[in-house]
Structure formats: structure tokens, C-alpha cells
Colleague: 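The structure is given below, and queries will be raised subsequently.
The residues of the chain are indexed from 1 along the displayed sequence.
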Amino acid sequence: MDEKLIRRLVATIKCSVCGQFYQSDNVRVLGHDDDIWFVSAYCPKCHSQALVAAVMKEGIFAEEIVDFTEDEFDKFSEAEDITADDVLDIHYFLEEYEGDVASLLAAE
């Protein structure tokens, strides 16, 4: 597999710190052993460094498995990203919640 292709593929990944896509110029292949590739990616926006280990096999594609219906997928693909504040809000809500899980999930 070509290193240029690996760098382009890693450039489709977002930085886990700031959400910015990596740029292929900031991706460096560290090495590989058969189908396992080790790649370093630098984020120019937040200056964080990531280490990516990926299994890359030529000609084999993983089947995408989702639990969403097509309508749900359309609905959620247009939704805003979940932020750290959203997670904290739900944490505080659950901390104070006194009901059971079944009633919480049944409420819409």
C-alpha cells in the first residue's frame, strides 16, 4: 500500500482535541508491519499530536453496520455535534434524577 494513500486516508480523520481535520502534509508514516500501519498526525490548529495505528488491507472493505433507519440517519446527520457542555448537562441531570431508567427512557 502506498504511503501517500495512507496519509490521505488519515487526513479524513478529525483531531480528537479540536475537531479540525488533519492535513496530509502534517501526517507522517512511522512504519508498518504487514497490514498494520503506524502514523503520526499533527494538528496545525491546536498543535496536538496523535498516534494512529490502522489495519489496512487492499481490496477488503468492511461492511458498514448501523442501527439507524434511513429517516433516523437523515435526521441525526443534520444534528449539531455533542459538546462537552452537553455531556456535563446530562451528567448533572442524571446525578439529580430519582426515577428509574425505564421511566427515563420512556419519556419523550
Colleague: Under the 4.5 Å side-chain heavy-atom rule for ILVMFWY, direct or indirect, which residues accompany Tyr92?
Modeller: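 So far as hydrophobic clustering goes, Tyr92 is joined with Leu88.
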Colleague: Is Leu30 isolated, or which residues cluster with it under the ILVMFWY side-chain rule of less than 4.5 Å, directly or via members?
Modeller: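 Grouped by the 4.5 Å side-chain rule, Ile36, Phe38, Leu51, Val55 form the rest of the cluster around Leu30.
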Colleague: Excluding sequence neighbours, so at least two apart, what forms side chain to side chain donor-acceptor pair (under 3.5 Å) with Ser24?
Modeller: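 By the side chain to side chain donor-acceptor pair (under 3.5 Å) rule, Ser24 matches no residue at all.
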Colleague: What's the spacing between Asp2 CG and Arg8 CZ if we round to 0.5 Å?
Modeller: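 CZ of Arg8 is found 8.0 Å from CG of Asp2.
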Colleague: Please say which of Val52, Leu9, Ile13 ends up in a side chain to side chain contact (heavy atoms under 4.5 Å, CB included) with Val39.
Modeller: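 Of all the options given, the one that passes is Val52.
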Colleague: Under the rule for side-chain contact (heavy atoms from CB on, under 4.5 Å), what residues qualify as partners of Thr69, not counting sequence neighbours?
Modeller: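 Counting only residues at least two positions away or on another chain, Thr69 forms a side-chain contact (heavy atoms from CB on, under 4.5 Å) with Asp71, Glu72.
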Colleague: What residues form a side chain to side chain donor-acceptor pair (under 3.5 Å) with Asp89, not counting sequence neighbours?
Modeller: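 Testing Asp89 for side chain to side chain donor-acceptor pair (under 3.5 Å), a comparison that skips the adjacent residues, returns none.
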Colleague: If I compare all heavy atoms of Val29 with all of Glu3, which pair ends up nearest, and what's the gap?
Modeller: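 Val29 and Glu3 have their closest heavy atoms at CB-OE1, 3.8 Å.
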Colleague: Take atom CD of Glu70 as the centre, draw a 6.0 Å sphere, and report whether it contains more than 12 heavy atoms from other residues, nucleotides or ligands.
Modeller: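 No, the 6.0 Å shell around CD holds no more than 12 heavy atoms from other groups.
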Colleague: For a side chain to side chain contact (heavy atoms under 4.5 Å, CB included) check, start with the C-alpha distance between Leu104 and Phe93, then their side-chain angles and the critical distance, and finish with the verdict.
Modeller: CA-CA 11 Å; Leu104 177 66; Phe93 170 78; 3.6 Å; yes
Colleague: Lys45: what forms a side-chain contact (heavy atoms from CB on, under 4.5 Å) with it, not counting sequence neighbours?
Modeller: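 Counting only residues at least two positions away or on another chain, Lys45 forms a side-chain contact (heavy atoms from CB on, under 4.5 Å) with Cys18, Gln20, Cys43.
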Colleague: CZ/Arg28 to CG/Asn26 distance, rounded to the nearest 0.5 angstrom?
Modeller: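 Arg28 atom CZ to Asn26 atom CG measures 11.5 Å (nearest 0.5 Å).
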Colleague: Can you sort out the partners of Ser16 under side chain to side chain donor-acceptor pair (under 3.5 Å), two or more places apart, ordered by chain and number?
Modeller: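 Once residues adjacent in sequence are excluded, Ser16 has no partner under the side chain to side chain donor-acceptor pair (under 3.5 Å) criterion.
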Colleague: When rounded to the nearest 0.5 angstrom, what is the spacing between CD in Gln49 and SG in Cys15?
Modeller: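 These two atoms lie 10.0 Å from each other.
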Colleague: Using the side chain to side chain donor-acceptor pair (under 3.5 Å) criterion, which residues pair with His91? Sequence neighbours excluded.
Modeller: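 By the side chain to side chain donor-acceptor pair (under 3.5 Å) rule, His91 matches no residue at all.
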Colleague: Supply the members, apart from Phe21, of the Ile/Leu/Val/Met/Phe/Trp/Tyr cluster built from side-chain contacts under 4.5 Å; use none for a lone residue.
Modeller: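 Result for Phe21 is none, singleton.
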Colleague: Which heavy atom in Asp81 sits nearest to a heavy atom in Asp86, and how many Å separate them?
Modeller: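 Scanning both residues completely, I find the closest heavy atoms to be O-OD2, 3.9 Å.
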Colleague: Excluding sequence neighbours, so at least two apart, what forms side-chain contact (heavy atoms from CB on, under 4.5 Å) with Asp100?
Modeller: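 If we apply the side-chain contact (heavy atoms from CB on, under 4.5 Å) test to Asp100, skipping adjacent residues, the hits are Ala102, Ser103.
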Colleague: In the hydrophobic clustering that connects Ile, Leu, Val, Met, Phe, Trp and Tyr at side-chain heavy-atom distances below 4.5 Å, which members other than Val87 occupy its cluster, ordered by chain and number?
Modeller: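 Ile82, which link up through side-chain heavy atoms under 4.5 Å apart, make up the rest of the cluster.
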Colleague: Do His47 and Tyr42 have side chains that get closer than 4.5 Å, going by heavy atoms?
Modeller: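 His47 reaches Tyr42 side chain to side chain.
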